[in-house]
Colleague: 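Before I ask anything, here is the structure I am working with.
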Amino acid sequence: MAALYVHVLRSRRFWSLSVSLTRHVQLRHQVGRPLKETHRASSQTSCQTTNPVRVRATPAGPPVFFYGNGRTVCFQGSPKTTSPLQPGPVPTQSGHRFHTSAPVRALPAPLIWMVLKPLQKLIAIILGRSIRKWWVALPDNRRQLMREWAWRRRWHLATGIGVAMVIVALLLLTHLDESPVTGRTRLLVFSRENYMELAALTSEAYVEQFSELLVPVTDPRHQVVERVVQHLAERNKDIPEVSDVTWSIHVVQSPNINAFVLPNGKVFMFTGMLDAVADVHQLTVVLGHEMAHAILGHSAEQASLSHVVDLLSLILLTAIWAVCPRDSLALLGQWVQDKLTQMMFSRPYSRKLEAEADQVGLQLAAKACADVRAGPVFWHQMEIRDQLSGEPTFPEWLSTHPSHRNRITQLDRLIPQALDLRESCACPALPATDPRVIFSKSVRVLLENAKDQERGGRERASKPHLPLPHSPSSFPTGLPAALLGQSALPASPNLDHKSKCPVPETDIPTPSPAHG
C-alpha cells in the first residue's frame, strides 16, 4: 500500500495539533518507535521524526500516523483517503469517516449596520462629551495657545478637510449604480445580494410573526392574490429582476390596509387591503406598485442613503456634544439634527422612491392588461376613506409617502403613457366609459344627497344612498369571483420582441356590469 505524506510547516514550538474524528477514535502516543517501520512502503518522501503519534479508528483497523520533529509534520494514510474541498464526511479505508465542520454564514452587511448604528451614535456622543470636558479643564493660557496654533495652520487644516471630502466623494462615485427599468443613477452601498440575504431572514421572521393569522392557500382571497401576482410576473418576465425571482404569497388576516413585497419575492397582503380595493384592476395596480419596490431594489437604495447620511451626521453629532456647554443643550441639538436629517434627506428621498414605484407599478399593470385608469380611483377612495374615518392629515413634507392628492395627480399624468404601453402589448380594448368619470359623478351625487339631508328633508333623508361604483361596499364578493371565474391565466405567452410584451392567450376579466 502506497503512503501519502502531507508536509505542513510549523514553528519550533509544535505540539498543538488537534484532530477531529468520529466516534471511537483512539489516540496513542508512542515514543521511540523506529521511523523505518512506518515508512516501509514509501520511497518517495521521507520525514525525520522522533515522536510519532498514531491515530486509528479501531484497535484492529489500519493506523494513521502523524510525525513531528519540531518543524515538519508528516501524515500517512490510505491512498483512498481524500480531502474534499466541500465540508462533509471523508471516507477512509477502515470504513469510518472524518467529518469537517460546516461553513459559518456571515451576517448580511445591512443587518450588521443596523445593529451597529446605535453604537456609532453612542461613540460619537461619548467622544464629543470627552472633548468638551477636556477643553473645559484646560487652563486659559493653553486654550489661547491652541487657538493661535489652529489659526496659524488654518490653511493646512482646510487642505486636510478638502482632501478628506475628495476621498469621500471618490468612494461614493465608486458605488454608483443604474436602477433597473428606469435607468436612473443612484447610490448603492449595499448590494442586491446583501439584501437578498437580509430579506430571507426578514421573511422568516414575518412568517413566524403572522403564523396564526395567515389565510389558508385554499381561501379565495389567497387564490386571488396569487393569480394576480403570477399574472404580473408572467406578463413582465422580460425584466430580469422579475423572472429571476420566485414569487410566493402570504395573505394575513388583519384589518390593516397594507401590503408589501420583500426583495426575495415574498408578498404579504393584508385582508384590509383586499377590502379596500374595488376590483381586480385596482388590486393589480396596488400589487404592481409593491412589486416595483422589490424589482427596483428600493430597500437597498434607501438603506444606502441612510448609511451615508448617518456616517456624515456622526461628525456633526460629535461637534454638537463638544460645543454645547451642557448636556441638556446637546440633547436638544441632537434632536434638532435628527429632525433636520429626516426632513432634508430621509423623507424626501422616500417620497421620491414611492413616486418611482407608482410609475413602474403602473407600467407593470399596463403590461398585464389591467385597466390602469383604476389606479387614480383607488387613491380617490383612500382619500375619502381617511376623511370619513377622521384620520388626521399631515402635510406631505412630514410624511414618507406622497399625499393622496399628489398621487392622483401624478397617476393621471402617467395614464396616457400607460395606456399606450397597454395597447402595444396587444391587450383587449378597454370600455369607453372611464372609471374616473363614473367615480367623480357618483361622489357628486353623494355630496348632493348629504346636503339635502342637512337641510332636514325627510323624504330625501329616508332614501337609500347611491353606492359608489368603485366603493368596497358595492363589491362584497366581486373581487374573488372576477378573477377565479376565468378559466386559465396565460401559461406560456409568446414574446413580442418589438414591444417587449408577452402576447397573452387570455386576459384579466373585465368586471361585470352589475359591478359597475
Side-chain angles (χ1 to χ4, degrees), residues 107-138 140 142-151 153-176 186-191 194-195 198 298-353 394-401:
L107 293 175
L111 181 59
I112 297 176
W113 166 73
M114 287 189 293
V115 172
L116 295 180
K117 183 177 178 180
L119 183 60
Q120 293 173 353
K121 288 189 175 182
L122 180 60
I123 293 175
I125 292 173
I126 295 175
L127 178 60
R129 197 169 184 269
S130 301
I131 293 174
R132 184 184 68 197
K133 289 184 173 296
W134 168 78
W135 180 261
V136 171
L138 284 178
D140 293 339
R142 292 288 303 275
R143 295 184 201 171
Q144 184 63 29
L145 289 175
M146 294 195 69
R147 291 192 187 99
E148 293 176 357
W149 177 87
W151 177 255
R153 289 166 175 78
R154 61 186 181 276
W155 298 115
H156 296 82
L157 296 176
T159 303
I161 295 174
V163 171
M165 293 177 64
V166 170
I167 292 175
V168 171
L170 291 176
L171 289 176
L172 295 180
L173 288 176
T174 58
H175 287 85
L176 293 181
R186 59 182 179 175
L187 177 66
L188 206 62
V189 177
F190 302 114
S191 64
N194 292 143
Y195 255 82
L198 181 60
H298 281 171
S299 56
E301 183 178 350
Q302 194 164 10
S304 298
L305 176 71
S306 179
H307 180 63
V308 173
V309 171
D310 286 343
L311 288 179
L312 297 178
S313 298
L314 292 178
I315 302 174
L316 181 59
L317 181 61
T318 304
I320 289 174
W321 278 88
V323 172
C324 292
R326 292 192 301 273
D327 291 346
S328 57
L329 293 177
L331 287 172
L332 179 60
Q334 180 182 349
W335 180 82
V336 172
Q337 179 212 4
D338 290 339
K339 295 304 177 182
L340 288 177
T341 302
Q342 293 178 11
M343 302 303 174
M344 296 174 61
F345 297 101
S346 302
R347 293 181 181 178
Y349 202 79
S350 177
R351 293 193 296 269
K352 176 183 177 181
L353 297 183
F394 300 98
E396 184 181 276
W397 57 275
L398 290 176
S399 175
T400 58
H401 288 63

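We use all heavy atoms of the structure for the numbers below, so side chains are in, but hydrogens, waters and symmetry mates are not. Each residue takes its place number in the sequence, starting with 1.
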Colleague: Mind jotting down which residue pairs meet the salt bridge (Lys or Arg N to Asp or Glu O under 4.0 Å) criterion with at least one end in residues 157-174? Sequence neighbours excluded, please.
Modeller: none
Colleague: Does any pair with a residue in residues 306-323 pass salt bridge (Lys or Arg N to Asp or Glu O under 4.0 Å), and if so which ones, sequence neighbours excluded?
Modeller: K117-D310
Colleague: Without placing hydrogens or testing angles, list every side-chain donor-acceptor pair under 3.5 Å for residues 324-332, not counting sequence neighbours.
Modeller:
unit_1: D327; atom_1: OD1; unit_2: R129; atom_2: NE; d: 3.2
unit_1: D327; atom_1: OD1; unit_2: R132; atom_2: NH1; d: 3.3
unit_1: D327; atom_1: OD1; unit_2: R132; atom_2: NH2; d: 2.4
unit_1: D327; atom_1: OD2; unit_2: R129; atom_2: NE; d: 3.1
unit_1: D327; atom_1: OD2; unit_2: R129; atom_2: NH2; d: 3.0

Colleague: Calculate, to the nearest 0.5 Å, the distance between atoms CG and OG belonging to L172 and S304 respectively.
Modeller: 10.5 Å
Colleague: First locate atom CG of L145, then atom CG of L138, and finally report the distance between them rounded to the nearest 0.5 Å.
Modeller: 10.5 Å
Colleague: With sequence neighbours left out, write down each residue that passes side chain to side chain contact (heavy atoms under 4.5 Å, CB included) with A322, or none if nothing qualifies.
Modeller: I131
Colleague: Sorted by first residue and then second, give each side-chain hydrogen bond (donor to acceptor under 3.5 Å, both in side chains) pair with at least one member in residues 336-345; sequence neighbours left out.
Modeller: Q342-R347
Colleague: Among residues at least two apart in sequence or on other chains, which ones pass salt bridge (Lys or Arg N to Asp or Glu O under 4.0 Å) with K352?
Modeller: none
Colleague: Working to the nearest 0.5 Å, report the span between CD1 of I161 and CG of L157.
Modeller: 6.5 Å
Colleague: Is there a donor-acceptor pair closer than 3.5 Å between any side-chain N or O of R186 and the backbone N or O of L176?
Modeller: no
Colleague: Assess whether atom CZ of R153 is packed by more than 12 heavy atoms of other residues, nucleotides or ligands within 6.0 Å.
Modeller: yes
Colleague: Restricting to pairs with a member in residues 159-168, which pass side-chain hydrogen bond (donor to acceptor under 3.5 Å, both in side chains), not counting sequence neighbours?
Modeller: none
Colleague: Ignoring hydrogens, what is the shortest heavy-atom contact between Q334 and L317? Give both atom names and the distance.
Modeller: CG-CD1, 3.5 Å
Colleague: Distance from I125 atom CD1 to Q120 atom CD, nearest 0.5 Å?
Modeller: 12.0 Å
Colleague: Side chains of E396 and R351: closer than 4.5 Å at any heavy-atom pair?
Modeller: yes
Colleague: Sorted by first residue and then second, give each side-chain hydrogen bond (donor to acceptor under 3.5 Å, both in side chains) pair with at least one member in residues 165-174; sequence neighbours left out.
Modeller: none
Colleague: Given the rule in the side chain to side chain contact (heavy atoms under 4.5 Å, CB included) test, do D140 and R143 qualify, once you have shown the distances and angles that lead to the verdict?
Modeller: CA-CA 5 Å; D140 293 339; R143 295 184 201 171; 3.9 Å; yes
Colleague: May I have all residue pairs that pass ring-ring contact (aromatic ring centres under 6.0 Å, His included) and include part of residues 316-353, sequence neighbours excluded?
Modeller: none
Colleague: Count the heavy atoms of every other residue, nucleotide or ligand shown that sit under 6.0 Å from CE of M343, and state whether that count exceeds 12.
Modeller: yes
Colleague: Using ring pair (Phe, Tyr, Trp, His ring centres under 6.0 Å) as the criterion, list what pairs up with H307, not counting sequence neighbours.
Modeller: W113, F190
Colleague: I need the L305 CG to L188 CG distance, nearest 0.5 Å.
Modeller: 11.0 Å
Colleague: How close do L187 and V308 get, counting heavy atoms only, and between which atoms?
Modeller: CD2-CG2, 3.7 Å
Colleague: Can you pull out every ring-ring contact (aromatic ring centres under 6.0 Å, His included) where at least one residue sits in residues 115-138? Sequence neighbours excluded, please.
Modeller: none
Colleague: Using only atom types and a distance under 3.5 Å, with no angle test, would you say the side chain of R154 pairs donor to acceptor with the backbone of W149?
Modeller: no
Colleague: Residues two or more places apart in sequence or in another chain: which of them pass side chain to side chain contact (heavy atoms under 4.5 Å, CB included) with Q302?
Modeller: S350, L353
